[in-house]
Amino acid sequence: MNDPHMRTPLGRVYGLGSARDGAGAWWGMRLSSIALVPLSLWWVIAIIAHAGADYAEFRHWVASPVPAILLILTLGVTCYHLAHGVQEVVEDYVHTEAAKIAILIAVKFGAVVLAVAGIFSVLRIAFGS
């Protein structure tokens, strides 16, 4: 399996092989993309439907079970997709290892903070404050 004759010339020069984790990242991005299509359409239609609503009416709508669950799913999937999409860009275009690591940590941390803050907000409205 590690026969040097079966490797590409560039792979032999660098001594690098497959990281064996690209398929998982690829599937994660595709599945989150697929999930975002109906969630985004639902969100846009819901916001347009509530365009003339006052604060109390909109808050009452968010507190309903189905909208609350769909909002939480939308927030989670969006932040997941955002973090992995930016990670791909950083890994492809940032060449300094220290900068790459710092940016990736900031992106992951930021995505988690945004997701937790958004989900907390929806739950607080849904269960009252």
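Just so we're clear, the structure is a prediction, and the values are computed from it rather than from any experiment. Values reported hereafter were calculated over all heavy atoms of this structure, with side chains retained and with hydrogens, waters and symmetry mates removed.
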Chemist: I need the Phe120 CZ to Ile72 CD1 distance, nearest 0.5 Å.
Modeler: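 The CZ atom of Phe120 sits 12.0 Å away from the CD1 atom of Ile72.
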
Chemist: Quick one: side-chain hydrogen bond (donor to acceptor under 3.5 Å, both in side chains) partners of Glu91, sequence neighbours excluded?
Modeler: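 Per chain and number, Glu91 pairs via side-chain hydrogen bond (donor to acceptor under 3.5 Å, both in side chains) with Gln87.
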
Chemist: Kindly compute the distance separating OG (Ser64) from CG (Leu70), expressed to the nearest 0.5 Å.
Modeler: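 One finds 11.0 Å between OG of Ser64 and CG of Leu70.
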
Chemist: Indicate if Phe127 and Leu75 have the same hydrophobic cluster label, given that clusters are the connected sets of ILVMFWY residues with side-chain heavy-atom separations under 4.5 angstrom.
Modeler: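 Phe127 clusters together with Leu75.
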
Chemist: Report whether Tyr93 and Val86 are members of the same hydrophobic cluster (ILVMFWY, side-chain heavy atoms less than 4.5 Å apart, transitive linking).
Modeler: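 Each belongs to a different hydrophobic cluster.
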
Chemist: Output side-chain donor-acceptor pairs under 3.5 Å for residues 33-55, partner residues at least two apart or in another chain, one line each.
Modeler:
| residue | atom | partner | partner atom | Å |
| --- | --- | --- | --- | --- |
| Ser33 | OG | Met29 | O | 2.7 |
| Ser40 | OG | Leu36 | O | 2.7 |
| His50 | ND1 | Ala46 | O | 2.8 |
| Asp54 | OD1 | Glu57 | N | 3.0 |
| Tyr55 | OH | Arg59 | NH1 | 2.8 |

Chemist: Identify the heavy atoms of Cys79 and Leu114 that sit nearest to each other, and give their distance.
Modeler: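 Minimum heavy-atom separation between Cys79 and Leu114: SG-CB, 4.0 Å.
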
Chemist: For Ala126 and Ala68, which heavy atoms make the closest approach, and how far apart are they?
Modeler: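 Closest heavy-atom pair between Ala126 and Ala68: CB-CB, 4.2 Å.
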
Chemist: Nearest heavy-atom pair of Ser32 and Val77: which atoms, and what distance?
Modeler: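 The pair with the smallest heavy-atom distance is O-CG1, 3.7 Å.
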
Chemist: Report the distance from atom NZ of Lys108 to atom OH of Tyr80, rounding to the nearest 0.5 Å.
Modeler: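 It comes to 7.5 Å.
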
Chemist: Is Ile69 linked to Ile125 within one hydrophobic cluster, defined over Ile, Leu, Val, Met, Phe, Trp and Tyr using a side-chain heavy-atom separation of less than 4.5 Å?
Modeler: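 Yes.
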
Chemist: Supply the atom-to-atom distance Leu71 CG to Leu123 CG, rounded to the nearest 0.5 angstrom.
Modeler: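 Between Leu71 CG and Leu123 CG, I get 10.5 Å after rounding to 0.5 Å.
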
Chemist: Using the rule that Ile, Leu, Val, Met, Phe, Trp and Tyr join whenever any side-chain heavy atoms are under 4.5 Å apart, tell me whether Val89 and Leu104 fall into a single cluster.
Modeler: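 They do not share one cluster, since no chain of ILVMFWY contacts under 4.5 Å joins Val89 to Leu104.
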
